[in-house]
2 protein chains.
Amino acid sequence: MCSRTTPRSTRTGRPRSTEADEAILEATRAALVELGWSKLTMGDVATRAGVAKTTLYRRWANKNELVVDAVAVLFDELELPDLGSLQADISHVVLQFAALLERPETKTALMAVVAESTRDAPLRERIRASIVERQKRLVLDGRRRAQERGELPADRDPAVVDATDDLIFDVVAGAVVHRALVSAEPVDAAWVNRLSSLLVGGLGAVVALG
Amino acid sequence: MCSRTTPRSTRTGRPRSTEADEAILEATRAALVELGWSKLTMGDVATRAGVAKTTLYRRWANKNELVVDAVAVLFDELELPDLGSLQADISHVVLQFAALLERPETKTALMAVVAESTRDAPLRERIRASIVERQKRLVLDGRRRAQERGELPADRDPAVVDATDDLIFDVVAGAVVHRALVSAEPVDAAWVNRLSSLLVGGLGAVVALG
DNA sequence: GCCTTTCGCTACGGGTCGTAGCGTAATGGC
DNA sequence: GCCATTACGCTACGACCCGTAGCGAAAGGC
């Protein structure tokens with residue numbers, strides 16, 4: 001959560017309050033819901049959390065890192081139960097991800113921190129480690145299961161496998177984000193059906209749906 | 001560009017300086033390159049453009065709307081020449097879009113204004129009209145050509161056609177944005193080949209590439 | 001020439017940032 | 001139990017940016 005250069009055990013003095021940690025993150029999520037990203041201020045978060053502003057700055061260097069940590073835990077909810085087919089698995093995880101994006105705290109925060117990360121390498125790494133990786137393992141699981149079912153050909157070149165996982169991840173996550181935030185249209189069952197059909201069968205399959 | 005309630009021709013008094021308009025937009029792009037979204041200030045843009053800060057506020061209500069207009073014109077560069085096949089058309093437009101996203105002024109600005117638009121309906125409409133629509137017509141052209149070539153089935157239900165165009169747009173644009181900004185990996189020819197294969201032939205076709 | 005609008009300029013109140021300094025509170029080491 | 005060390009709440013601060021108001025001058029339409 002907060003960066004430490006020395007291990008926790010070898011330190012002396014008064015320890016950091018874990019209650020304050022959680023209160024700050026919770027206050028940050030509440031402030032995101034009420035105010036959105038741009039109107040959220042460090043002073044307001046501190047007041048909501050019942051701590052001093054200096055306590056925030058001892059833990060997080062700026063608003064970006066604080067918000068990443070506050071939102072990251074929400075991605076722990078994502079899971080991928082085995083629903084018996086590749087298309088069903090895709091639909092399920094897409095709907096889960098869309099529901100997460102619909103929450104006001106993630107909706108306003110995710111794009112903002114990604115935008116900031118284009119000019120802030122440490123922030124980019126923080127996002128990758130605490131958010132992107134949590135989503136990516138779902139792709140790995142889904143592909144592996146589909147191959148075990150025989151829905152996809154078995155692996156040949158490991159490098160190609162990695163590249164394909166990356167591709168699927170960017171396509172699925174990117175499509176959902178773009179639909180929800182840029183097009184601002186609902187990610188409903190009908191849309192998810194078209195998306196999973198496209199992924200499994202290609203454009204011809206989707207156009208033929210009509 | 002700037003909202004007017006009354007038509008331009010029926011107005012009296014000193015007209016707005018079009019030189020100032022262009023100088024401000026150009027200064028905004030330059031400031032985006034140097035400073036990025038979060039450190040760009042209205043006062044700095046005014047100084048760069050050689051105009052007074054009040055002149056900016058007569059034209060744009062806030063930073064968001066200014067930046068949308070400053071970046072929107074860059075999307076005019078996108079075009080879709082007929083390259084003879086659906087896959088080639090897709091690859092070409094994806095590479096164009098990726099090159100646009102690589103420019104520092106768009107990279108830092110696009111995600112930021114989309115993030116703001118989640119809590120600002122007028123801004124969302126402005127983005128839709130001046131950026132999203134310019135990209136979307138490329139999808140319409142590409143699908144129409146593919147159908148004329150016989151690469152895709154002919155239309156049946158017009159509603160399905162619209163839905164499919166929307167889907168393709170979100171998938172392609174979303175995938176490129178996610179790859180470039182979230183995964184922060186290059187959108188190179190190899191990746192584009194995998195993406196277009198996925199779109200045309202589905203997951204089976206991509207995995208079989210290896 | 002008169003009216004209208006924009007222009008550059010200056011100044012301002014209000015808000016946020018991030019830090020410094022202080023006295024106090026809570027640990028671990030001895 | 002005492003001490004060194006660290007975290008805490010609080011206050012205050014300079015720096016910065018915001019968005020607006022008011023002014024006289026400039027540039028058009030009629």
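Values reported hereafter were calculated over all heavy atoms of this structure, with side chains retained and with hydrogens, waters and symmetry mates removed. Reminder, nothing fancy here: chain letters follow the sequence lines and each chain counts from 1.
One cannot find a donor-acceptor pair under 3.5 Å joining the base of C:dT27 and the side-chain atoms of A:R14. In this model, a side-chain donor or acceptor of B:T54 finds a partner on the base of C:dC9 within 3.5 Å. Under 3.5 Å, the side chain of B:K53 and the base of D:dG19 form at least one donor-acceptor pair of N or O atoms.
Side-chain atoms of A:S85 and A:Q87 include no donor-acceptor pair closer than 3.5 Å. Neither side chain, B:S183 nor B:E185, offers a donor N or O lying under 3.5 Å from an acceptor on the other.
Residue B:R59 has no polar side-chain atom (N or O) positioned under 4.0 Å from OP1 or OP2 of C:dT5. Phosphate proximity of C:dG8 to B:T55: present, with a side-chain N or O under 4.0 Å from OP1 or OP2. The shortest distance between the side-chain N/O atoms of A:R58 and the OP1/OP2 oxygens of D:dA7 is not below 4.0 Å.
Separating the CG atom of A:D21 from the P atom of D:dA7 is a distance of 12 Å, rounded to the nearest angstrom. In this structure, the NZ atom of B:K39 is 16 Å from the C1' atom of C:dT16, given to the nearest Å. At whole-Å resolution of the value, OH in B:Y57 and P in D:dG19 are 4 Å apart. Protein atom CD of A:E19 is 12 Å distant from nucleotide atom C1' of C:dA26, rounded to whole Å. In this structure, A:L56 places its CG atom 14 Å from C1' of C:dT16, rounding to the nearest Å. As rounded to whole Å, 12 Å separates atom P of C:dC17 from atom CG of A:N64. Between the P atom of C:dC17 and the CG atom of A:L66 lies a distance of 11 Å, rounded to the nearest Å. Computed from coordinates, the A:N62 CG to C:dT16 C1' distance equals 14 Å when rounded to whole Å.
Looking at A:R144, A:R143, A:K136 one by one, the single match for side-chain hydrogen bond (donor to acceptor under 3.5 Å, both in side chains) with A:D165 turns out to be A:R143. Partner of B:R126 under the side chain to side chain contact (heavy atoms under 4.5 Å, CB included) criterion, out of B:I131, B:D69, B:N64: B:D69 alone.
Checking A:G13 against B:M42, the closest nucleotide of DNA chain D that is more toward the 5' end is the one next to A:G13. When each of B:S17 and A:K63 is assigned the nucleotide of DNA chain C with its nearest heavy atom, B:S17 is the one assigned upstream, toward the 5' end.
Under the 6.0 Å distance and 45° angle rule, B:K63 counts as a cation-pi partner of B:W37.
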